[in-house]
Amino acid sequence: MEGVWSRLLQPVQLTSSGRPQLLPEEIECQLVDNVDLDVDRHSFGVSTLKVGLLTLTTHRILLVDERTRKGGAIPLAAIHQVVPPKKSIKNMFATPRIKLQVWTTPEGIPSFSGERTATASLHFSLVLRGQMSLDSFLARLSELLQVRAWEASVQEKARHLSGWTGISETSAFVGASGSAGPSRLRPGMAGVSGILRKEQEQREETDRSLYEAFQDLNALMSKAKEMVVLAEKMRAKLLGAPSGMSGAVDEEEMGSKQEMQDWLLSVGIVSPVTKETAGALYHQQLSRQLSDFVKIPLQKSGGMLALIDVYCLFNRARGTELISPEDLLQACTIWEKIDVPVMLRCFDSGVMVIQSKSQSDEEIFTRITALVKSETVSSGISASDAARALGVAPALAKEHLLNAESKGLICRDDGPDGLRFFFNFFKELDTCI
């Protein structure tokens, strides 16, 4: 069955949470659950491929089996024809099937270049067993096939937008009489009819201004997406760049490089999960996207982040698609049901954090014990001292210290200098006795 995916569909890389990795400038448009794929070719030994999740994007139809973590894609450029199910009384009670005629390469998989490099065609049937609006899905698919976003380049978009702006500016500069230049007092402007005509011209001018404003807003949003893609490419190059030719790393250069990586990391998410695109799968897909997002911040923060810090970072990266604290908490609780490398943890004090599963308390306890037993620390350690040693926030370092105290590894001294912790040598004495 694993070979069927590679022989039937274009390969798709999945993230650690099981979400498909998108192409540059590719945006998720709609998600559909409980989907099967029927194949009109018997040489593969199967007639139906159990898929599970279908993601419709601006460039591809992504198919992911969340149980086996397998994924494949049908490029929209390869789709020659879409045949919706016939509307009849018999089909009202049947499972909807959307037939696709797809251009294929000599290897038999869907072609990214469409008919230009195709040698044959293959018929697929999308079996939609989930609860969804068939008409809405077909309308979105038809719209994407007409827009053909995979063919549009950045230069073409810029020329298109600049062309519209130029037309709008010209039309806004032309007066009501059809001649350019400032308006002059005309005999028709006098009297009641002149007042009515002037009000009509003002309304038309307002409509033109609003149209231009929304054109500028669309241009800004388009440029923002392009900047996010560019920032991700720059960040990937920075992470993959060599540290130095001679082996000696300049601290100032590394500091500026790290600062640039932090800035690029906060630029944003190209295709944030929304309720409009995900529907009933919103919290599940939000949970998977959040798991992918916190991977790098956790590495930079010692493997643990406070939930409120994650909320601020995630919302800043999502831009205008903000989420509520309840949505974030519900997305984190779903991690128990899916296989992701992070987890939600609540300390005894009630502080909630997101922690990497690779981090263990025993490792933290070992580092804290070594810190309090150090000869350089004769007056105990505070939460700030532990925070510097562990690379976490002081509030989280205090939780680690209290947790180690509950295990009997350290003991506290709440004196004039504040709360400080020391090594618990009484436990070793009890062992010797």
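Since this is a predicted model, take the numbers as computed values, not measurements.
- Taking 4.5 Å as the limit, every side-chain heavy atom of Leu37 sits out of range of all side-chain heavy atoms of Leu54.
- With sequence neighbours excluded, no residue forms a ring-ring contact (aromatic ring centres under 6.0 Å, His included) with Trp150.
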Under the side chain to side chain contact (heavy atoms under 4.5 Å, CB included) criterion, do Ile98 and Phe137 qualify, and how do the steps go? CA-CA 10 Å; Ile98 302 176; Phe137 179 80; 3.5 Å; yes
Quick one: do Gln355 and Val342 satisfy side chain to side chain contact (heavy atoms under 4.5 Å, CB included)? Show the steps, please. CA-CA 6 Å; Gln355 177 179 338; Val342 292; over 6 Å; no
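- Ser406 contributes a side-chain N or O that, together with a main-chain N or O of Asn403, makes up a donor-acceptor pair within less than 3.5 Å.
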Begin with the C-alpha distance, continue with both residues' side-chain angles, and end with the deciding distance and a verdict on side-chain hydrogen bond (donor to acceptor under 3.5 Å, both in side chains) for Trp335 and Ser287. CA-CA 7 Å; Trp335 287 340; Ser287 175; 2.9 Å; yes
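- Looking at heavy atoms from C-beta onward, Leu305 lies out of side-chain contact with Leu396 at the 4.5 angstrom threshold.
- Distance alone, capped at 3.5 Å, places no donor-acceptor pair between the Glu204 side chain and the Glu201 backbone.
- Of all non-hydrogen atoms in Leu401 and Ala383, the two that sit nearest each other are CD1-CA, 3.9 Å.
- Between atom OG of residue Ser291 and atom CD1 of residue Ile334 there is a gap of 12.0 Å, rounded to the nearest 0.5 Å.
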For the pair Leu286 and Arg318, evaluate side chain to side chain contact (heavy atoms under 4.5 Å, CB included) and give the outcome as yes or no after the intermediate values. CA-CA 11 Å; Leu286 182 67; Arg318 288 175 63 89; 3.5 Å; yes
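- Distance check: Glu405 CD to Lys398 NZ gives 10.5 Å after rounding to the nearest 0.5 Å.
- Within the 4.5 Å cutoff, no side-chain heavy atoms of Leu100 are placed close to those of Ser125.
- Although no hydrogens or angles enter the test, the distance criterion places a donor-acceptor pair under 3.5 Å between the side chain of Thr58 and the main chain of Ile27.
- Atom CD1 of Ile338 is surrounded by more than 12 heavy atoms from other residues, nucleotides or ligands within 6.0 Å.
- At least one donor-acceptor pair under 3.5 Å links the side chain of Arg288 to the backbone N or O of Ser17.
- Taking 4.5 Å as the limit, some side-chain heavy atom of Leu141 sits within range of a side-chain heavy atom of Val82.
- Taking all atoms of both residues into account, the shortest heavy-atom contact from Pro96 to Leu134 is CB-CD2, 3.9 Å.
- Between Leu14 and Arg19, every side-chain heavy-atom pair lies at or beyond the 4.5 Å cut-off.
- Under a 4.0 Å N-O distance rule, the pair Arg345/Glu399 does not qualify as a salt bridge.
- A donor-acceptor pair under 3.5 Å links the side-chain atoms of Thr57 to the main chain of His59, judged by distance alone.
- Residues Arg388 and Asp385 are paired through a salt bridge, judged by an N-O separation under 4.0 Å between the basic side chain and the carboxylate.
- Of all heavy-atom pairs spanning Val12 and Pro20, the tightest one is CG1-CB, 3.7 Å.
- Judged purely by atom type and a 3.5 angstrom limit, Arg367 uses its side chain to pair as donor or acceptor with the backbone of Ala389.
- The heavy-atom pair separating Pro84 from Leu138 by the smallest distance is CB-CD1, 3.6 Å.
- Taking 4.5 Å as the limit, some side-chain heavy atom of Cys332 sits within range of a side-chain heavy atom of Leu307.
- Note on Arg148 versus Glu151: salt bridge recorded, some NZ/NE/NH1/NH2 to OD/OE distance being below 4.0 Å.
- Distance OG1/Thr68 to CD/Glu66: 10.0 Å, rounded to 0.5 Å.
- In this structure, the side chain of Lys357 engages the main chain of Val340 through a donor-acceptor pair within 3.5 Å.
- Within the model, atoms OG1 of Thr55 and CD of Glu26 stand 9.5 Å from one another, a figure rounded to the nearest 0.5 Å.
- A heavy-atom distance below 4.5 Å is not found between the side chains of Leu390 and Leu371.
- Taking every heavy atom of both residues into account, Ser121 and Gln101 meet most closely at OG-NE2, 3.6 Å.
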Leu144 and Val147: side chain to side chain contact (heavy atoms under 4.5 Å, CB included), yes or no, with the steps? CA-CA 5 Å; Leu144 294 174; Val147 173; 5.6 Å; no
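- Considering CG of Leu126 and CG of Asp36, their distance stands at 10.0 Å, rounded to 0.5 Å.
- Between Phe293 and Phe314, the ring planes are tilted. Angles from 30° to 60° get that label.
- Put simply, the side chain of Ser324 gets close to the backbone of Asp327: a donor and an acceptor are under 3.5 Å apart.
- At a threshold of 4.5 Å between non-hydrogen side-chain atoms, the residues Met352 and Cys346 count as touching.
- Donor-acceptor pairing under 3.5 Å is lacking for the side chains of Gln30 and Thr277.
- In terms of modelled atom types and a separation under 3.5 Å, the side chain of Gln10 and the main chain of Pro110 share a donor-acceptor contact.
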side-chain hydrogen bond (donor to acceptor under 3.5 Å, both in side chains) assessment of Glu276 paired with Thr274: CA-CA 5 Å; Glu276 180 183 1; Thr274 63; 5.1 Å; no
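- In the displayed structure, Lys407 atom NZ is contacted under 6.0 Å by at most 12 heavy atoms of other residues, nucleotides or ligands.
- At distances below 3.5 Å, at least one donor-acceptor pair connects side-chain atoms of Gln289 with backbone N or O atoms of Ser271.
- Each of Ile109, Val102, Leu63 was checked for a side chain to side chain contact (heavy atoms under 4.5 Å, CB included) with Leu9, and the lone residue meeting it is Leu63.
- A pairwise comparison of heavy atoms in Ser16 and Lys295 identifies OG-NZ, 3.3 Å as the closest pair.
- Annotation: the span from His80 atom NE2 to Leu145 atom CG amounts to 12.0 Å, rounded to 0.5 Å.
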